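Here is the structure we will look at, set down as structure tokens.
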Amino acid sequence: MIYLDNSATTRPRPEVVAAVNAALADDFGNPSSLHGLGVRAERVVEEARQALADALGVAAGEIVFTSGGTEANNLALLGAARARRRQGDHVVATRVEHPSVLQACAMLEEEGFRVTYLDVDREGAIDPSDLARALTPETVLVSIMYVNNEVGTVQPLEAVARVLGRVPAGAPVGAGRVLWHVDAVQAFGKLPVRPRRLGIDLLAVSAHKIHGPKGVGALYVRGGITLQPL
């Protein structure tokens with residue numbers, strides 16, 4: 001068989017299958033339990049958390065494991081907007097986001113949020129000046145994907161960072177600061193993904209796009225940011 005659908009999902013690598021089998025057969029303890037098996041399971045989870053944190057250049061405590069990219073995006077959009085409702089009710093996204101972002105935006109609209117959807121050019125890219133015009137004092141969240149899941153367009157994240165006034169690592173997360181979410185599911189493992197370098201606050205990744213198992217994803221949550229749990 002010649003498989004040409006890796007953008008949709010990838011075949012797990014043998015070492016991934018072995019790791020999953022070991023977790024199911026040997027390290028199956030509850031990682032919150034205090035007995036030896038639980039402690040061993042916790043160690044496996046934390047080693048995975050640290051490995052992902054190292055790959056993204058962030059702290060291990062900023063990694064939240066999810067059931068995949070969809071849950072990571074849902075948690076980012078709904079969790080961030082709802083947590084900041086008192087600061088504002090405006091969200092900005094592009095028209096070409098993954099359904100897990102667009103449907104979350106639709107849900108926010110049903111809850112009374114206003115969502116501005118940025119148009120794209122014939123190659124699927126946004127114009128950063130459109131983002132600049134869309135921002136208002138009530139904007140609490142901007143969601144712009146890294147690589148489009150349908151046509152592969154790479155969005156101009158560095159230009160977005162300039163529009164949002166981001167600086168390298170260390171920028172404070174003030175009450176009035178617009179949060180920036182990036183769906184990096186199609187970019188992780190293929191393009192450089194360093195959220196701190198661009199000042200990204202929330203970033204979603206998924207394992208099954210890079211030869212990992214389905215049902216495993218993560219959300220980077222910049223330190224100091226509070227999300228309303230789903």
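Everything numeric here is computed off the predicted structure, so don't read it as measured data.
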Residue from D201, V58, I200, L179 passing side-chain contact (heavy atoms from CB on, under 4.5 Å) with R222: D201

Option passing side-chain contact (heavy atoms from CB on, under 4.5 Å) with W180 (candidates V92, L203, L198, V163): L198

Worked check of side chain to side chain contact (heavy atoms under 4.5 Å, CB included) between I210 and T10: CA-CA 6 Å; I210 53 170; T10 57; 5.6 Å; no

L135 vs V142, side chain to side chain contact (heavy atoms under 4.5 Å, CB included): CA-CA, chis, key distance, verdict: CA-CA 9 Å; L135 297 174; V142 170; 3.8 Å; yes

What distance separates [X] [atom1] from [Y] [atom2], expressed to the nearest 0.5 Å?
X    : Y    : atom1 : atom2 : result
T226 : R82  : OG1   : CZ    : 15.5 Å
H211 : R13  : NE2   : CZ    : 7.0 Å
T66  : L75  : OG1   : CG    : 8.0 Å
L52  : E47  : CG    : CD    : 14.0 Å
E97  : D183 : CD    : CG    : 6.5 Å
L77  : L227 : CG    : CG    : 10.5 Å

Hey, does [Y] have a side-chain heavy atom less than 4.5 Å from the side chain of [X]?
X    : Y    : value
Y146 : K190 : no
D26  : R40  : yes
H98  : V185 : no
Q155 : V96  : yes
V160 : L131 : yes
V20  : V17  : no
H181 : N73  : yes
F188 : L56  : yes

Trace of the side chain to side chain contact (heavy atoms under 4.5 Å, CB included) decision for Y220 with I225: CA-CA 10 Å; Y220 159 70; I225 293 174; over 6 Å; no

Step-by-step side chain to side chain contact (heavy atoms under 4.5 Å, CB included) determination, L34 to V39: CA-CA 6 Å; L34 299 179; V39 171; 5.8 Å; no

How about [atom1] on [X], more than 12 heavy atoms from neighbouring residues, nucleotides or ligands closer than 6.0 Å, or not?
X    : atom1 : answer
E15  : CD    : yes
L230 : CG    : yes
R11  : CZ    : no

Is a donor on one side and an acceptor on the other found under 3.5 Å between the side chain of [X] and the backbone of [Y]?
X    : Y    : value
Q50  : A60  : no
T153 : E123 : yes
K209 : S7   : yes
D89  : R114 : no
R194 : A55  : yes
S67  : V216 : no

hydrophobic_cluster_shared for V44 and L37, side chain cutoff 4.5 Å: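 As far as the 4.5 Å side-chain criterion goes, V44 and L37 are not connected within one cluster.
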
Co-membership, hydrophobic cluster, residues V120 and M145, 4.5 Å side-chain: no

R85/E111 ion pair, N-O < 4.0 Å: no

Pairing of E42 and R49 as salt bridge, 4.0 angstrom limit: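 No, this pair does not count.
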
Sequence-distant partners of R162, salt bridge (charged side-chain N to carboxylate O under 4.0 Å, His left out), two or more places apart: none

Modelled atom types, side-chain donor and acceptor of N30 and H35, under 3.5 Å: no

Shortest non-hydrogen contact from Y117 toward T94: CD2-O, 4.1 Å

